[in-house]
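In listed order, ligands and their atoms are each counted from 1.
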Amino acid sequence: MKIIVVGSSHAGYEAVQTLLKDTPESDIHLYEKGSTVSFLSCGIQSYLEGVSNSLDELHYANEVSYEEQGVHVHTNSEVTDIDAKAKTITVQTADGESKTNYDKLILTPGAIPFQLPVEGTDLENVFYLRGRNWADKVKNRMDSAKKAVVIGAGYIGVEVMEAFAKKGMDTTIIDTLDQILPTYLDKEFTTILEKDLKERGVKVQTKEMVKEIIGESGAVTKVITNKGEYEADTVVIASGIRPATAWLKGLVKLDSKGMIEVDEYMQTSEADIFAAGDATTIPFNPTHSKVNIALASNARRQGIVAAKNISKPVMKMMGVQGTSGLALFDYHFATTGVKALDAYQCEEEVTSCYVEEKIRPDFMYEKDNTVMMKIYYEKESHIIKGAQLMSKEDITASINTMAVVIEAGWTLEHLARTDFFFQPEYNRPWNYLNVLAMKALGESYGSDTMLF
Ligand SMILES: Cc1cc2nc3c(=O)[nH]c(=O)nc-3n(C[C@H](O)[C@H](O)[C@H](O)COP(=O)(O)OP(=O)(O)OC[C@H]3O[C@@H](n4cnc5c(N)ncnc54)[C@H](O)[C@@H]3O)c2cc1C
């Protein structure tokens, strides 16, 4: 059986690894339009900040490792067409166009940065940020850049803004919405982060719409918004992504946003064509709907499921909570499930509770060990639908507990009493997640020492 995988990033990589285990006799071909394979965009910030020393360190597979596994790798090979009846794909390379046949096809074309519809995006020193080539360009630019504007305050914009600010660049971040990280955290958290950023000299310009990028002699000099002008010798546009599916129009079913429609087995509208990753939607447990959550963690799970079902349907795609964690200067934070932005999409009425709590008893540490938490739950049933955590301590792993709680359909009552360990070095007699649920229920709890 000849299986072609299109796209070598997280979804394509996991699909290939699964095929190697499940169908070792198959003839696996990996097509990638870029010049390298399997680059970890998630590691770009570490490269920009000089934590990882080389872009080569950020590949989780390369041509040699795939070839050693018996996979035929075709780089600089863009798949431009599919004939599902004849079971062939058309491939464009520097040598021209050719057709090749397949028995099964797995599409993982992923996403591309949203092209901001304003004048000036083609000026020198204006960058997007995804994949190895852009990472390379931005890092090179950082050697001489002095004044940067980052357009878009989602997590990618925030990551590059942090790298610029740490480098000592005069940095401004602009977003049309009224807070940074709007799809990540609620305002109780972002107000603190924004204050911290301003104290560090970063200019945070929310509720501003970029109208134009201006240049002189072909290079960027200024960003114009509906409210002001910001000088810049470097601009990074991180204003969202779009599925890389324009070429698939009319070949497989796409939804209104251009996402590839897949069933629970990751099968497309065509019998022998599967799809996975950022170009598809994923079941979102809190709302029981299918949404696009562009995360490597999701793409990897989908890649496995697509490959498992290649011969016959054996594994359904499980729902996710969109769980994600990040650091910004001294703060660590994480999110799972619904938040202010999408809580209204739950089937039942949802409410929330914000709590601040000390992680350990005061006698253990003098430094600030507060954890800020927010929980979303159904008003009537108390079923938990979302959570956010933030602290100067690394509490991010606890969000995985909350992801499980949501997936399992637990209530506040269940979380309030569930068995979490106590050891003063790590926590208080009631773990902060117990406390979060108790406070949402309006309950109090016994103190850990007489000093409290
Ligand atoms: C800066 C940054 C940081 C991130 N950090 C995190 C993180 O910390 N955690 C996390 O979970 N996620 C993170 N993400 C998101 C994560 O990188 C994506 O969700 C993930 O890469 C999606 O994988 P994918 O396989 O669907 O597609 P993509 O990574 O988009 O890759 C698609 C691949 O297919 C190739 N391709 C596309 N079309 C064709 C074609 N027609 N023919 C041949 N090849 C084609 C492309 O060249 C590309 O290599 C980050 C993203 C960025 C940009």
With heavy atoms under 4.0 Å as the rule, classify the contact between [X] and ligand 1 as side chain, backbone, both or neither.
X	result
Y13	neither
A279	neither
A244	neither
I156	side chain
Y155	side chain

Using distance alone, determine whether [X] and ligand 1 share an N or O pair under 3.5 Å.
X	answer
G277	no
E78	no
I44	no

Counting only heavy atoms, tell me which of [options] gets closest to [atom].
atom	options	value
atom 25 (O) of ligand 1	G154, A11, G110	A11
atom 43 (C) of ligand 1	Q45, R300, K33, E14	K33
atom 19 (O) of ligand 1	D278, L40, T323, N298	D278

List every atom of ligand 1 that sits less than 4.0 Å from any heavy atom of [X], numbering the atoms from 1 in the order shown and giving each element.
X	result
L295	10 (C), 11 (O), 12 (N), 19 (O)
W247	41 (N)
Y31	43 (C), 44 (N)
V6	40 (C), 42 (N), 43 (C)
A111	30 (O)
L129	53 (C)
E159	3 (C)
A294	15 (C), 19 (O)

### Query
Can you tell me if S77 has a non-hydrogen atom under 4.0 Å from ligand 1?
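Judged by the 4.0 Å heavy-atom criterion, S77 does count as contacting ligand 1.
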Return the closest protein heavy atom for [atom] as residue, atom name and distance.
atom	result
atom 31 (O) of ligand 1	S9 CB, 3.0 Å
atom 12 (N) of ligand 1	A296 N, 3.0 Å
atom 1 (C) of ligand 1	S41 O, 3.6 Å
atom 4 (C) of ligand 1	C42 CA, 3.5 Å
atom 46 (C) of ligand 1	E32 OE2, 3.5 Å
atom 30 (O) of ligand 1	R130 NH2, 2.9 Å
atom 34 (O) of ligand 1	G7 CA, 3.2 Å
atom 38 (N) of ligand 1	P109 CB, 3.6 Å

### Query
Distance from I192 atom CD1 to K187 atom NZ, nearest 0.5 Å?
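These two atoms lie 14.0 Å from each other.
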### Message
Looking only at the aromatic ring of each residue, does the gap between the centers of Y432 and F420 stay below 6.0 angstrom?
### Response
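No, the ring of F420 stays outside the 6.0 Å limit from the ring of Y432, centre to centre.
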Hey, are [Y] and [X] close enough side-chain-wise for a donor-acceptor pair under 3.5 Å?
X	Y	answer
E194	Q179	no
D186	Q388	yes
R141	T234	yes
Y184	T190	no
E393	Y331	no
K392	T370	no
Q17	E14	no

### Task
Tell me, please, which residues at least two apart from K222 pass salt bridge (Lys or Arg N to Asp or Glu O under 4.0 Å).
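Only E229 meet the salt bridge (Lys or Arg N to Asp or Glu O under 4.0 Å) criterion with K222.
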### Query
Would R300 count as a cation-pi partner of Y60, with NZ or CZ less than 6.0 Å from the six-membered ring centre and within 45° of the ring normal?
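Satisfied, under 6.0 Å and within 45°.
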### Query
Does K166 count as lying over the ring of F329, i.e. NZ or CZ under 6.0 Å from the six-ring centre, within 45 degrees of the axis?
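Pair K166/F329 counts as cation-pi.
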Quick one: closest heavy-atom pair of [X] and [Y], and the distance?
X	Y	answer
E32	T36	CG-O, 3.4 Å
G322	I293	CA-CD1, 3.9 Å
Y102	D83	OH-O, 4.0 Å

#### Entry: Sequence-distant partners of E199, side chain to side chain donor-acceptor pair (under 3.5 Å), two or more places apart
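So E199 forms a side chain to side chain donor-acceptor pair (under 3.5 Å) with K195.
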